[in-house]
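Written below as structure tokens is the structure these notes are about.
Reckoned from all heavy atoms, side chains included, excluding hydrogens, waters and symmetry mates. Chain letters run A, B, ... following the sequence lines, proteins first, then strands; residues in each count from 1.
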Amino acid sequence: MEKKFSNKDVAQLLRNVSAAYQVKGASSFQIRAYDLAADAVEHASSDVRALWETGDLDKIPGVGSHIANYLDEYFTSGEVRHFKTVFKDIPDSMFELLRVPGIGPKTAYKLAKTGVANTQDLEKQIKSRTLLDKGFGQKVLDNILRGVEEFKRRSDRILLPVAWGVASQVIEYLKKNKNVTNADPLGSLRRKVATVGDIDISVASDDPKSVVEHFLKFPGKERVVEAGERTATISVDGGIRIDLMIQPPERYGSLLQHFTGSKHHNIHIRRIAREKGLSLSEYGIKLVEEKGAQFSQDTFFKCETEQEFYRKLGMGYIEPELREDQGEIEAAMAGKLPDLIRLEDIRGDLHTHSSWSDGQDSIADMTKAASSFEREYIALTDHSYPSLNYEKRLKEIEQYNYSQDNIRVISGLEVNINADYNLQITDDILAKHDIIFVSIHTSFRQSKDEMTQRIVRAMENPHVDALAHPTGRLLLEREGIEADWEKIFKRIGQLGKFLEIDGYPNRLDLPDNLVKEAKRFGVKFTVDTDSHRTEHLKLMEYGVSVARRGWLQKEDVINTLPYPKLKDILGIRD
DNA sequence: GCCGTTTTCGGCCCGACTGTTTTCAGTCG
């Protein structure tokens with residue numbers, strides 16, 4: 001029951017209203033209003049139902065008085081009378097068919113009306129040619145069928161590092177064409193969102209035709225979805241779509257800016273541009289009407305770089321990770337953008353596992369590998385299994401520190417917070433280690449109040465330093481826990497303790513929006529890999545990308561400190 | 001339906017590709 005009211009469910013409801021409006025030919029602005037509200041709800045940093053409870057629904061940008069009233073009715077009674085009339089005469093199957101790529105509201109409606117029950121039925125009916133004489137041409141049906149096949153195969157989203165890997169291969173391949181002067185990822189991938197839907201790539205070239213031809217021959221290609229003059233789309237293994245966009249080098253900045261998004265960021269800056277009489281596109285900045293005397297009538301700025309693009313709009317350069325319309329535009333205009341943390345700022349990794357618990361490699365191997373990444377220190381934080389021989393493990397770490405001076409090894413543990421609020425092991429064992437992470441690994445579905453208490457009590461234990469992967473989410477697998485984050489952040493801030501940003505690919509936890517929130521409470525962070533084998537140690541960049549999306553600077557993150565300072569802050573004795 | 005540093009009314013981002021109803025609609029990003 002509770003699931004029906006998640007942000008994702010509410011967003012889906014609003015998208016369905018938008019689709020129904022499109023079928024019924026409502027005003028395009030009304031349609032867009034529902035789409036924007038749906039996006040805003042889906043990406044809101046708070047639970048939409050919690051906002052409703054406190055009467056703060058209209059604080060979500062894009063949700064105004066009308067939609068707020070409808071949602072009030074929805075949360076109160078489970079349905080909305082107005083929406084029911086909107087959905088009248090529209091078969092339910094339309095909304096399922098909409099999930100197939102290439103099928104929009106109009107087509108979905110038409111299919112549903114001809115009696116297509118769902119995607120399986122759609123596939124069957126296309127193959128048995130029953131739809132041919134019902135207003136669909138062969139080419140359209142072929143295209144839909146390919147969409148259905150793709151839909152069946154693909155999972156909704158891809159983990160950031162997986163997408164990054166595919167994109168890197170494509171970019172490397174593209175650069176083999178001598179007409180390609182530059183190539184970069186675009187979209188949510190470039191903004192380093194935790195999961196991405198498809199892969200967009202930009203290319204700077206004066207010979208787009210040859211680049212498109214080259215792209216269509218990419219070795220991993222499954223099929224060509226479309227191919228034009230300066231854009232093309234292919235799909236690769238697993239139904240992942242790769243979009244290519246090409247502009248000449250002198251417009252490359254405009255292209256990057258346009259397709260990096262986010263949609264909301266671009267809508268906002270275009271609104272600001274319009275107020276200045278400017279129109280923005282992937283071709284550049286164009287003067288549409290004279291307002292003030294800054295520009296002559298025929299001015300057109302192509303923008304070779306994004307820096308130039310933002311400068312022309314009177315803003316500082318906005319890093320891609322910030323482009324979510326979460327205050328970065330205002331900050332850019334006021335010259336108050338943060339100086340974001342970089343991968344090079346990281347000096348050590350504070351959350352890793354060895355073969356003492358569930359890791360694959362020995363402490364010596366983990367440490368050598370960390371040293372090869374030029375880390376100054378590494379904390380081994382094995383799980384606090386009750387059966388572990390803690391004394392022997394501590395001895396091994398101590399001896400290892402004596403045996404070399406390339407890297408400092410810090411003795412640590414990752415300790416479960418039990419459902420009864422107690423920690424997995426006793427304080428006397430905790431006291432013998434230099435860093436203690438606590439984390440939730442059981443009873444994920446406790447009530448919000450219990451969960452909040454559980455975490456706060458654990459953090460109040462004087463031996464505890466940091467909360468590891470705070471929400472416990474597993475991307476594409478499991479939702480995070482429900483807790484009163486504001487309360488938790490406030491308490492951790494008071495205690496002067498730390499929140500972890502876990503960079504493990506399917507965690508990326510604390511999530512970026514909560515990172516930004518926690519920073520407001522003065523909380524400091526540690527960005528770690530949670531490595532379980534030596535190869536994982538290189539995944540630090542993904543943790544850093546979460547930190548950047550959360551507006552963190554170097555000084556917000558304790559493992560940017562040199563060891564002597566880190567030692568002080570963690571209270572490590574010699 | 002949303003929204004406000006000239007506005008509570010009158011605007012609302014911009015363009016590519018495909019198929020086909022050859023002047024445009026549908027879909028996508």
Donor-acceptor check, side chain of A:S77 to backbone of A:Y74, threshold 3.5 angstrom: yes or no? no
Whole-Å distance, A:K276 NZ to B:dT5 C1', equals 12 Å
A:I267 CD1 to B:dG15 P, in whole Å, measures 15 Å
When all nucleic acid strands are considered with a 4.0 Å heavy-atom cut-off, which category describes A:Y109: base, sugar-phosphate, or nothing? nothing
Look only at the side chain of A:E306 and the backbone of A:Q257, and say whether a donor-acceptor pair between them is shorter than 3.5 Å. yes
According to a strict under-4.0 Å criterion, is A:Y283 in side-chain N/O contact with OP1 or OP2 of B:dA16? yes
Can you classify the ring geometry of A:Y21 versus A:Y34 as parallel (below 30°), tilted (30 to 60°) or perpendicular (above 60°)? perpendicular
A:L141 CG - B:dG19 P separation (whole Å): 12 Å
To the nearest Å, how far apart are A:Q257 CD and B:dC14 C1'? 12 Å
Quick test of your reading: applying side chain to side chain donor-acceptor pair (under 3.5 Å), list the pairs with at least one residue in residues 538-553 of chain A, sequence neighbours left out, ordered by first then second residue. A:E319-A:R548, A:E321-A:R548, A:E324-A:R549, A:D512-A:R549, A:Q553-A:E555
Euclidean distance for P, B:dG26 against B:dT21 (whole angstrom): 13 Å
Students often get this wrong, so: under 4.0 angstrom with heavy atoms, is A:G137 touching a base, only sugar-phosphate, or nothing? sugar-phosphate
Distance check, P atoms only: B:dA25 and B:dT20, in whole angstrom units. 16 Å
Apply the test salt bridge (charged side-chain N to carboxylate O under 4.0 Å, His left out) to residues A:E517 and A:R520: give CA-CA distance (whole Å), side-chain angles for both, the deciding distance (0.1 Å), then the verdict. CA-CA 5 Å; A:E517 180 106 6; A:R520 293 196 306 131; 3.4 Å; yes
Side chain of A:S281, heavy atoms from C-beta onward: which of B:dG1, B:dG19, B:dC14 has the nearest atom to it? B:dC14
Taken to the nearest whole Å, NE2/A:H66 to C1'/B:dC3 is 13 Å
Show me the protein contacts with nucleotides 26-29 of chain B, counting only N or O atoms at under 3.5 Å.
| from | atom 1 | to | atom 2 | distance (Å) |
| --- | --- | --- | --- | --- |
| B:dG26 | OP2 | A:K106 | NZ | 3.0 |
| B:dG26 | O3' | A:T107 | OG1 | 3.3 |
| B:dT27 | OP1 | A:G104 | N | 2.7 |
| B:dT27 | OP1 | A:G104 | O | 3.0 |
| B:dT27 | OP1 | A:T107 | N | 2.9 |
| B:dT27 | OP1 | A:T107 | OG1 | 2.5 |
| B:dT27 | OP2 | A:P105 | N | 3.4 |
| B:dT27 | OP2 | A:K106 | N | 3.2 |
| B:dT27 | O5' | A:G104 | N | 3.4 |
| B:dC28 | OP1 | A:G102 | N | 2.6 |
| B:dG29 | OP1 | A:D198 | OD2 | 3.2 |

If you measure from the P atom in B:dG11 to the same atom in B:dA16, how many Å do you get, rounded? 26 Å
Test of understanding: with side-chain hydrogen bond (donor to acceptor under 3.5 Å, both in side chains), list the residues that count as partners of A:Q326, not counting sequence neighbours. none
Whole-Å distance between B:dC2 P and A:L57 CG? 12 Å
Taking only side-chain nitrogens and oxygens of A:R271, does any of them come within less than 4.0 Å of OP1 or OP2 of B:dC12? no
Do A:Y283 and A:H258 make the cut of ring centroids closer than 6.0 angstrom? no
Find the distance between CG (A:L186) and CG (A:L244) and round it off to the nearest 0.5 Å. 9.0 Å
Base, sugar-phosphate alone, or nothing: which one does A:A273 contact when heavy atoms must sit under 4.0 Å apart? nothing
Identify which nucleotide among B:dG1, B:dC14, B:dG15 has an atom closest to any side-chain atom of A:K286, counting heavy atoms from C-beta outward. B:dG15
Nearest whole angstrom, please: distance from the C1' of B:dT20 to the NZ of A:K139. 9 Å
Sidechain-backbone polar pair: A:Q125 side chain, A:L122 backbone, donor-acceptor under 3.5 Å: no
Which residues satisfy the side chain to side chain contact (heavy atoms under 4.5 Å, CB included) test with A:E42, sequence neighbours excluded? A:K8, A:A11, A:R15
Do A:D325 and A:I267 have side chains that get closer than 4.5 Å, going by heavy atoms? no
Roughly how far apart, to the nearest Å, are B:dT18 and B:dT23 at atom C1'? 15 Å
Heavy atoms within less than 4.0 Å of DNA chain B: which residues of residues 187-194 of chain A have one? Give them sorted by number. none
Name the residue closer to the 5' end of DNA chain B, choosing between A:L280 and A:I67 according to the nucleotide with the nearest heavy atom. A:I67
Return the residues of residues 24-35 of chain A meeting this criterion: a heavy atom under 4.0 Å from some atom of DNA chain B. Order them by number, or give none. A:F29, A:Q30, A:R32, A:A33, A:Y34
Taking the C1' atom in each of B:dG15 and B:dG10, what is the distance between them to the nearest angstrom? 25 Å
Consider the side chain of A:T231, meaning its heavy atoms from C-beta on, and name the nucleotide among B:dC12, B:dC17, B:dG1 that approaches it most closely. B:dC17
Classify A:S279 by what it touches in the nucleic acid, base, sugar-phosphate, or nothing, heavy-atom distance under 4.0 Å. sugar-phosphate
If I take atom CZ in residue A:R274 and atom P in nucleotide B:dT5, what distance separates them, rounded to the nearest angstrom? 17 Å
Using the C1' atom on both, measure B:dT5 against B:dG1 and round to a whole Å. 24 Å
Under 3.5 Å, is there a donor-acceptor pair between the side chain of A:D509 and the main chain of A:T471? yes
Side-chain heavy-atom pair A:R241, A:P101 within 4.5 angstrom cut-off: yes
With rounding to whole Å, what would you report as the distance between B:dC14 and B:dC9 at their P atoms? 25 Å
Validation row: A:R323, A:R190 side chains within 4.5 angstrom (heavy atoms): yes
NA contact type, A:Y70, heavy-atom cut-off 4.0 Å: base, sugar-phosphate, or nothing? sugar-phosphate
Mate of B:dT8 where both pairing distances stay under 3.5 Å, Watson-Crick or G-U: none
